[in-house]
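Notes follow the structure.
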Amino acid sequence: MRIYAVTAGHVEPQLVAPVATRTEAEALVAALWGPEAVAALHSFRGVPRRARWATPFSRNLSFFSGKAHVSVWEGVFLRSIVRVAPVSSVQSVWTEQGPWQRCLGLASVTLHLAGGPPLTAENRASDEAEGAAAAVRAEVVRAMRAQAPPAEGRGPIPLPQPVAEAP
């Protein structure tokens, strides 16, 4: 198992551990991003059956949205990749629906991350995609409010008063 991390200023993920057992990888992920990130590695919702039929060789297999982390499980045959991102690094969230997806009642959820490539959960059920996008937006707002400095001792910002001209 290999572990990659997205760092600010790099478009491509950087290799953190070239070879590790699953236990060692989970311990490293827990040390870097906390135990909630490890939980995100194991909590998934699979794609609908019509999505598997529509794209039988699709790399996107599952999606999970939690309180602190979002993860996408991708894979083709023997290779699988789990991408985990903290909710605090999400910059924007939107859903996309192409004509083929619209016919099958599917949509994709895309999350743009600060300092990294976007995270996309492709071919989800339309209502699930909208719900997931709304849940991630709510968690982003909650995370932003939790990181905001306290407003104690601060009042409203006074507006500048117009200066009267001398006659």
Side-chain angles (χ1 to χ4, degrees), residues 1-16 20 22 25-26 28-30 32-148:
M1 181 176 284
R2 294 180 188 159
I3 300 173
Y4 292 89
V6 175
T7 55
H10 293 90
V11 175
E12 293 297 319
Q14 303 298 308
L15 185 63
V16 175
R22 185 166 192 86
E26 288 178 359
L28 183 58
V29 168
L32 291 173
W33 297 291
E36 294 167 348
V38 176
L41 292 173
H42 300 289
S43 305
F44 291 106
R45 287 182 296 225
V47 295
R49 183 175 288 293
R50 62 185 177 269
R52 284 180 260 163
W53 174 83
T55 54
F57 300 108
S58 176
R59 67 188 210 303
N60 194 275
L61 300 174
S62 186
F63 173 72
F64 169 75
S65 172
K67 294 229 178 262
H69 293 85
V70 178
S71 59
V72 172
W73 177 31
E74 306 167 341
V76 178
F77 299 112
L78 299 175
R79 182 178 178 190
S80 66
I81 300 168
V82 180
R83 296 180 59 199
V84 180
V87 171
S88 60
S89 70
V90 174
Q91 296 289 311
S92 62
V93 181
W94 72 89
T95 57
E96 300 174 290
Q97 194 176 40
W100 185 245
Q101 288 177 317
R102 196 170 296 117
C103 289
L104 295 171
L106 303 171
S108 297
V109 180
T110 303
L111 306 149
H112 268 257
L113 306 174
L119 192 65
T120 302
E122 298 172 352
N123 296 328
R124 312 302 305 166
S126 294
D127 54 346
E128 180 190 348
E130 290 295 331
V136 171
R137 285 183 195 112
E139 288 303 320
V140 167
V141 169
R142 186 193 59 76
M144 287 174 51
R145 288 183 179 160
Q147 292 176 353

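The model shown is predicted, which means the values in this text are computed figures rather than measured ones.
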Legend entry - Residues that Q97 engages under side-chain hydrogen bond (donor to acceptor under 3.5 Å, both in side chains), provided they are two or more places apart: S126
Legend entry - side chain to side chain contact (heavy atoms under 4.5 Å, CB included) partners of T110, counting only residues at least two apart: W94, E96, H112, P118, T120
Legend entry - Spacing of CD belonging to E128 relative to CG belonging to N123, to within rounding of 0.5 Å: 11.5 Å
Inset, instruction - State, to 0.1 Å, how close E122 and S108 come at their nearest heavy-atom pair, and which atoms those are. - result: CA-OG, 3.4 Å
Inset, instruction - Could you tell me which non-hydrogen atom of V87 sits nearest to which non-hydrogen atom of V136, and how far apart they are? - result: CG1-O, 4.5 Å
Inset, instruction - Tell me, please, which residues at least two apart from S88 pass side-chain hydrogen bond (donor to acceptor under 3.5 Å, both in side chains). - result: none
Legend entry - All side-chain hydrogen bond (donor to acceptor under 3.5 Å, both in side chains) counterparts of R102, not counting sequence neighbours: none
Legend entry - Minimum-distance pair of heavy atoms, taken over all atoms of E130 and T95: OE2-OG1, 2.9 Å
Inset, instruction - Mind checking side-chain hydrogen bond (donor to acceptor under 3.5 Å, both in side chains) for S89 and listing every partner two or more places apart, or none if nothing turns up? - result: none
Inset, instruction - Write down the atom of V93, the atom of R137, and the distance for their closest heavy-atom approach. - result: O-NH2, 3.1 Å
Legend entry - Non-neighbouring partners of R142 that pass salt bridge (Lys or Arg N to Asp or Glu O under 4.0 Å), sequence neighbours left out: E139
